[in-house]
Amino acid sequence: MKTDWYKNAVVYQVYPFSFMDGNNDGWGDIPGILSKLDHIKELGATAVWFSPLYRSPDFDYGYDVSDYRSIDGKFGTMADFDTLLSACHKRDLKVIMDMVLNHTSTEHPWFREAISSKDSPYRDYYIIREGIRKGRKLLPPSNWQSTFTGSAWERIGESDEFYLHLFCREQADLNWENPRVREEIADILDFWLAKGVDGFRFDVFNMFSKVFPIRDDREKHTFQKGAQFFVDGPRMHEFLRELNEKVFSRYDSYTVGESFHPSPEAARAYVKRENRELDSIFSFAHLDSDNIGGKKFFRKPFDLLQFKDGLFGPQRDNYEDGWNTLVLENHDNPRSVDRFSIDSGKYRYEAATMLAAVVFMGFGTPFIYMGEEAGLTNCAFTSIEQMKDPVSHFVYDLMTRCGMPRKLAFSFIRYGARDHARVPMAWDDTANGGFNGGHPTWQCVNPRFREINVRKDRDAERSVFRFYQKLLAIRKSSETAIMGKTEEYDHGNRRIVAYSRTFGDDRLFVCANFSPRPVRYVLPPWVKGARVLLDNYGQYQRGEASVALSPYQALIFEEA
Ligand code: GLC
């Protein structure tokens, strides 16, 4: 029986490497997570999504899986995971597993088998093609560039064949055309659901189906990625329906897909209820409002109208016959208080709480990334060597190879790096921010941990955490906050974000000053008599028809 529990859920994302190190070896682990479950519960989350915990050689920090039915030794054992699962369930926290099924690690037994001989039955689990001979040169089967820079094809030893990898060369793309691959995948999902987990987050799911035969990308782009041949591919909907029918429909499970720049039509179709594909997908369009063309490292002045388009578009598109998600941060983005032209030195509390009110009072399931609930900031990296994410290095190398001065290249990387969100959690002001007992950590800790940490925030008079608690309590208890239809106001206003949520006769109104200057905002007539449910300043000046909003002030009203 499907209960649609995800509709009033609040999901908290744990990046296991950096959440909490229980055995003081420098890496986060399951015993560490267990010791912090109460923090997640106290916040008001109702579900936890764990970034990959499976065995992995960690070329892409867990997103290169070498055994989908295991727990990596650095995080603990399967018995530890079982304890974690029941500890979550005991606290009424659902568990969402990360499923990385566009590719496997090249250390996965399937891949090892596949390349061991041309006759291996596993050969067709991957996308392996002959290279193109040009005189004495052997060129890859197509000109596609990997999402992580360089050719998307890697030669298999000294042979004439190459395998496709849309990400690192250690992440070989699976061939979803092969029914045996899809059976294996259904079995893996079934394994985890039978264990009792409650749902899945699917990594870059809209790349599963590729266009065959493989051909060159001849469109004009900065990089020939071949995206038109693997994003929202021809069999995407069929593959998802098959999994839904075989697996998801048999459990009270929830699915959320991480999409890679989907077309608006495809994005709607993936979550349309009657299509029986996924329950929801992530939409990140608003997070590209401070970069050029979705390229994280290339900063541009923040564009609030683009942010609003990205935030409200999916709420509108999926209202009638789908579901939506609400995201501000994850392990692939810098911290939100250091983006969108915000000066976190001056307005950290105000901006963190304003962003939460604006994003998480919308239509959809909120996803909160660890540390976001305490307004954690970016890390002041001083050199590329401090960064662990391979993507930071790949892009830095590409920039400097193209002649960009090192300092400039590093400043770009530092702006958009995924590393910011991946440094160990700053829990308190003890050694290593309380992440562990003082053992050197796999990734440097944020040098500001004494000044900005979870305990300090929770104890502060103006606490981001306590604001989140209040906000999430409203979200979970108000039917209007859960089911209401979003209507945006004053779209063209370049300082203010304003919207209503309507359900039956009840209405909520959110308005926020998304700027460092005070703004007077004229309220819609129906809001004049409304009561203020939440305010991140604790005081506001309300006139006859308008309200004076301080820098980054946010107010939530409820119609009387
Ligand atoms: C997703 C993950 C990211 C990973 C990539 C390849 O975007 O969120 O961390 O590097 O897929 O698996």
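Along the sequence shown, the residues carry numbers beginning at 1. In each ligand, atom 1 is the first atom listed, and ligand 1 is the first ligand listed. Basis for what follows: all heavy atoms, side chains included, without hydrogens, waters or symmetry-related copies. Everything quoted here is computed from the prediction, not taken from an experiment.
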- Query: Does one side chain, of Glu373 or Tyr12, offer a donor that lies under 3.5 Å from an acceptor on the other?
  - Reply: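 The criterion, which ignores hydrogens and geometry beyond distance, is satisfied for Tyr12 and Glu373.
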
Check your understanding: What is the closest protein heavy atom to atom 7 (O) of ligand 1, and at what distance does it sit?
Key ->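 It is Glu258 OE2, 2.8 Å.
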
Next item on the list: Do me a favour and list the nearest non-hydrogen protein atom to atom 10 (O) of ligand 1 with residue, atom name and distance?
Entry: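 I find the closest protein heavy atom is Asp60 OD2, 2.5 Å.
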
Can you sort out which atoms of ligand 1 are near [X], meaning under 4.0 Å from one of its heavy atoms?
X      : answer
His331 : 2 (C), 3 (C), 8 (O), 9 (O)
Phe167 : 6 (C)
His103 : 6 (C), 12 (O)
Arg418 : 3 (C), 4 (C), 9 (O), 10 (O)

(request) Check the angle between the aromatic planes of Trp144 and Trp153 and answer parallel, tilted or perpendicular using the 30° and 60° thresholds. (result)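 If you compare the ring of Trp144 with that of Trp153, the planes turn out tilted.
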
| When the ring planes of Phe367 and Phe282 are compared, do they come out parallel, tilted or perpendicular, using 30° and 60° as the limits? |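 Perpendicular: the ring planes of Phe367 and Phe282 meet at over 60°.
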
Taking the basic N atoms (NZ, or NE/NH1/NH2) and the acidic carboxylate oxygens, is any pair closer than 4.0 Å for [X] and [Y]?
X      : Y      : result
Lys74  : Asp25  : no
Asp67  : Arg69  : no
Glu161 : Arg129 : no

Nearest candidate to atom 11 (O) of ligand 1, where distance is taken over non-hydrogen atoms, out of Thr147, Asp203, Asn333:
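Shortest heavy-atom distance from atom 11 (O) of ligand 1: Asp203.
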
Option whose closest heavy atom lies nearest to atom 3 (C) of ligand 1, chosen from Asp332, Asp389, Val391, Asp98: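 Nearest option to atom 3 (C) of ligand 1, by heavy atoms: Asp332.
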
Review point. Is Arg422 near ligand 1, meaning one of its heavy atoms is under 4.0 Å from it?
Key: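 Per 4.0 Å heavy-atom rule, Arg422 contacts ligand 1.
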
ask   = Touching ligand 1 at all, Phe148? Heavy atoms, strictly under 4.0 Å?
value =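 Yes, that is the case, since the closest heavy atom of the residue is under 4.0 Å from the ligand.
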
**OP:** Please round to the nearest 0.5 Å and tell me the distance separating atom OH of Tyr6 and atom OG1 of Thr325.
**Re:**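 Between atom OH of Tyr6 and atom OG1 of Thr325 there are 12.0 Å.
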
From Phe200 atom CZ to Phe248 atom CZ, the distance as rounded to the nearest 0.5 Å: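 Interatomic distance, Phe200 CZ to Phe248 CZ, rounded to 0.5 Å: 7.0 Å.
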
Mode of Arg201 contact toward ligand 1 - side chain, backbone, both, neither (heavy atoms, under 4.0 Å):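 Near ligand 1, Arg201 shows its side chain, while the N, CA, C and O stay back.
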
